[in-house]
Engineer: 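The structure is given below, and queries will be raised subsequently.
Everything quoted here is computed from the prediction, not taken from an experiment. Quick note on labels: first sequence line is chain A, next is B, and so on, each numbered from 1.
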There are 2 protein chains.
Amino acid sequence: MDTDRQTPPSALAVEPHCAAPRRGRPRSEAAEQAIFAAIERLMMEGAGLGDLTIEGIAQAAGVGKATIYRRWPNKEALLVDAVVRLETPEPELSGSSARQDLIETLEYMRRRGLDKRSRWVLMVIFHQLHSLPELKSVYYDRVIQRRRQVIRDVARRGVASGEFRADLDLDLLAEMLVGAMLVRTVLWDDSPLDDPALPVTMVDALLSGLGGPAHAAAR
Amino acid sequence: MDTDRQTPPSALAVEPHCAAPRRGRPRSEAAEQAIFAAIERLMMEGAGLGDLTIEGIAQAAGVGKATIYRRWPNKEALLVDAVVRLETPEPELSGSSARQDLIETLEYMRRRGLDKRSRWVLMVIFHQLHSLPELKSVYYDRVIQRRRQVIRDVARRGVASGEFRADLDLDLLAEMLVGAMLVRTVLWDDSPLDDPALPVTMVDALLSGLGGPAHAAAR
DNA sequence: TCGATACGAGACAGACCCGTATCGAATAAA
DNA sequence: TTTATTCGATACGGGTCTGTCTCGTATCGA
């Protein structure tokens, strides 16, 4: 029998100290790589989260289903690991100014939207998150909340330095910038991300304001 | 047999001039209402689009499956009609000023986000759109593109009147406002829509700008 | 009245998928 | 060599859903 505890390969699940080098044949590292590579390949071929089946993944990876279920307790755990694994590292913010940091954050989002793999993750996350509550909560805690916090911190520094208005609503700033970028990435297929000046345009629009002379006069 | 052409009740499908009042028993209007009502009820009970099954809908409506398939050729066509049917009418814009029109548009979105039925539609659309390509394209053409156009038109008038900057990027304005609202509605559960001043805050933030004295000095 | 159609109910086939179990072969430690 | 574990492959049970079809009944035009 091999129906004992799983030893999941990566982030989420238990992975309890495999300190005891067990006796039998060791798990194949290549199998794991093949599984992740197969998921990635299926994704690139246009599959959604719902189209990914354990059987399909196993076949694409040239792997038996048991090899998957020996590592993950169920489909959702596998997909959580697969998605988390695709996350790219956060950008290092230069800190030269709050405006510059916001621009760099948006530039990071823009590049993610241009990268096919990252784009797929975003699309999947936003379009099918509901069906996998575990994946949803993990992604929220690990990615979304963290990035919101980054923007909030930047905004706080900007307020302290006088770059931003003293009465700035931190969440509002984050929402307008992130929202605009997400709309382009996830929602509207015809709003391109190609323009490298996009982050600068967005941040400066929000900082300088879009009101014209009539609006300034009316204040 | 009654496997002839369907006569779908509402928007999407063919509905070809039922000019010939056919001979047998007429279709029950009550059945259609019951079907739509059942979908709505299931939605309110928390079901996602993927949880809606023809069998479940039929049972909840007290209707036979054949009664559904007599009207719609498949599940997707039914759901398209059901979602389109839930769309609330566009708001009448007062036109007193471009700023006011933007505020009214956002206020409409805010109210939609607070209404449970509309919120469900939005969540479903954004989280599960991929799996129903027909629904996706219908919703894009009927709703999303139209609303984008409304904001673009308002922005154009604002530029003409001098309320907005002459070099305004119309799409950028729409994206930042709509994106911010959508983020609150669909994405972040903890950003409430309760504040009635939200639309004013957002529009004025974007028009007046969020930059502080240091930013103004640096320009 | 009679034929045609719709009704609710449900059986049915076909497909799909998950998660488990089993197979012989392979690969490690003891 | 022996024992334990993994490997890929595949069969299996159990479940779900779609879409078609068949009941007996109800309601219409002719």
Side-chain angles (χ1 to χ4, degrees), chain A residues 1-9 13 18-35 37-39 42 47-80 128 131-132 134, chain B residues 1-9 13 18-35 37-39 42 47-80 128 131-132 134:
Chain A
M1 322 243 179
D2 52 27
T3 324
D4 45 341
R5 66 183 58 180
Q6 279 103 4
T7 309
C18 56
R22 285 174 306 178
R23 287 223 328 185
R25 174 175 176 173
R27 295 211 176 146
S28 159
E29 175 69 21
E32 266 152 47
Q33 300 303 325
I35 292 168
I39 293 178
L42 292 172
L49 255 194
D51 304 323
L52 291 183
T53 67
I54 296 287
E55 277 162 343
I57 294 168
Q59 187 158 24
V63 148
K65 280 171 68 176
T67 302
I68 293 180
Y69 280 106
R70 211 171 282 119
R71 288 166 168 75
W72 292 273
N74 52 49
K75 181 180 170 182
E76 183 164 6
L78 167 60
L79 293 182
V80 169
Q128 307 172 325
S131 54
L132 299 166
E134 182 64 26
Chain B
M1 321 241 184
D2 53 29
T3 323
D4 46 339
R5 67 182 57 180
Q6 278 105 4
T7 309
C18 58
R22 285 174 305 177
R23 288 222 327 188
R25 174 177 175 176
R27 295 212 177 146
S28 160
E29 175 69 21
E32 265 151 50
Q33 300 303 326
I35 291 168
I39 292 178
L42 292 173
L49 206 36
D51 303 323
L52 291 182
T53 68
I54 297 286
E55 276 164 343
I57 294 168
Q59 187 158 24
V63 149
K65 281 169 67 176
T67 302
I68 292 180
Y69 280 106
R70 211 172 280 120
R71 288 165 167 77
W72 293 273
N74 52 49
K75 182 180 168 182
E76 181 164 7
L78 167 61
L79 293 183
V80 168
Q128 307 173 324
S131 54
L132 299 167
E134 182 66 24

Engineer: A:Asp51 CG to C:dA15 P: how many Å, rounded?
Structural biologist: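 It is 19 Å, rounded to the nearest whole Å.
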Engineer: Whole angstrom is fine here: how far is it from CD in B:Glu29 over to P in D:dT27?
Structural biologist: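 Rounded to whole Å, this separation is 17 Å.
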Engineer: Under 4.0 Å, counting only non-hydrogen atoms across every strand here, what does B:Ala58 touch: a base, just sugar-phosphate, or nothing?
Structural biologist: nothing
Engineer: To the nearest Å, give me how far apart CD (B:Gln59) and P (D:dT16) are.
Structural biologist: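 Those two atoms, CD and P, are 13 Å apart.
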Engineer: What is the distance from CZ of B:Arg70 to C1' of D:dT20, rounded to the nearest Å?
Structural biologist: 12 Å
Engineer: Please determine, for D:dA30, whether a Watson-Crick or G-U wobble partner exists with both distances under 3.5 Å, and give it or none.
Structural biologist: C:dT1
Engineer: Say you draw a straight line from NZ of A:Lys75 to CD1 of A:Ile68; how long is it, rounded to the nearest 0.5 Å?
Structural biologist: 11.0 Å
Engineer: Look at atom CD of B:Gln33 and say whether more than 12 heavy atoms of other residues, nucleotides or ligands are closer to it than 6.0 Å.
Structural biologist: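 It does: B:Gln33 CD has more than 12 such atoms within range.
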Engineer: For C:dA6, does OP1 or OP2 lie under 4.0 Å from any side-chain N or O of B:Ser28?
Structural biologist: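 Result: no.
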Engineer: Can you check the B:Arg23 CZ to D:dA26 P distance for me, whole Å?
Structural biologist: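 Checked: the CZ to P distance equals 20 Å.
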Engineer: Heavy atoms only: give me the nearest A:Arg71-A:Ala31 pair and the separation to one decimal.
Structural biologist: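 In terms of heavy atoms, the two residues are closest at NH2-CB, 4.0 Å.
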Engineer: If you check every side-chain atom of A:Lys75, which of C:dA28, C:dC7, C:dC18 has the closest atom?
Structural biologist: C:dC18
Engineer: Over how many whole Å does the gap from A:Glu55 atom CD to C:dA15 atom P extend?
Structural biologist: 15 Å
Engineer: Taking the side chain of A:Asn74 as heavy atoms from C-beta outward, which of C:dA9, D:dC7, C:dG19 is closest to it?
Structural biologist: C:dG19
Engineer: I'd like to know if B:Lys65 reaches the base of D:dG19 with its side chain, counting only an N/O donor and acceptor under 3.5 Å.
Structural biologist: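 Side chain to base: pair found, below 3.5 Å.
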Engineer: What is the distance, rounded to the nearest whole Å, between atom CD1 of A:Ile68 and atom P of D:dC7?
Structural biologist: 11 Å
Engineer: Between A:Gly24 and B:Gly62, just flag the one whose closest nucleotide in DNA chain C comes earlier from the 5' side.
Structural biologist: B:Gly62
Engineer: How long is the line joining OH of A:Tyr69 and P of D:dA11, in whole Å?
Structural biologist: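 Whole-Å distance recorded here is 17 Å.
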Engineer: Give a yes or no on whether the backbone of B:Glu134 and the side-chain of B:Glu76 come within a donor-acceptor separation of less than 3.5 Å.
Structural biologist: yes
Engineer: Could you tell me whether the side chain of A:Arg70 and the main chain of A:Arg27 form a donor-acceptor pair under 3.5 Å?
Structural biologist: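 Answer holds: no.
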Engineer: Would one find a side-chain N or O of A:Arg27 under 4.0 angstrom from OP1 or OP2 of D:dA4?
Structural biologist: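 A:Arg27 to D:dA4 OP1/OP2: no side-chain N or O under 4.0 Å.
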Engineer: Less than 3.5 Å between a donor and an acceptor, one on the side chain of A:Arg25 and one on the base of C:dA26, is that the case here?
Structural biologist: yes
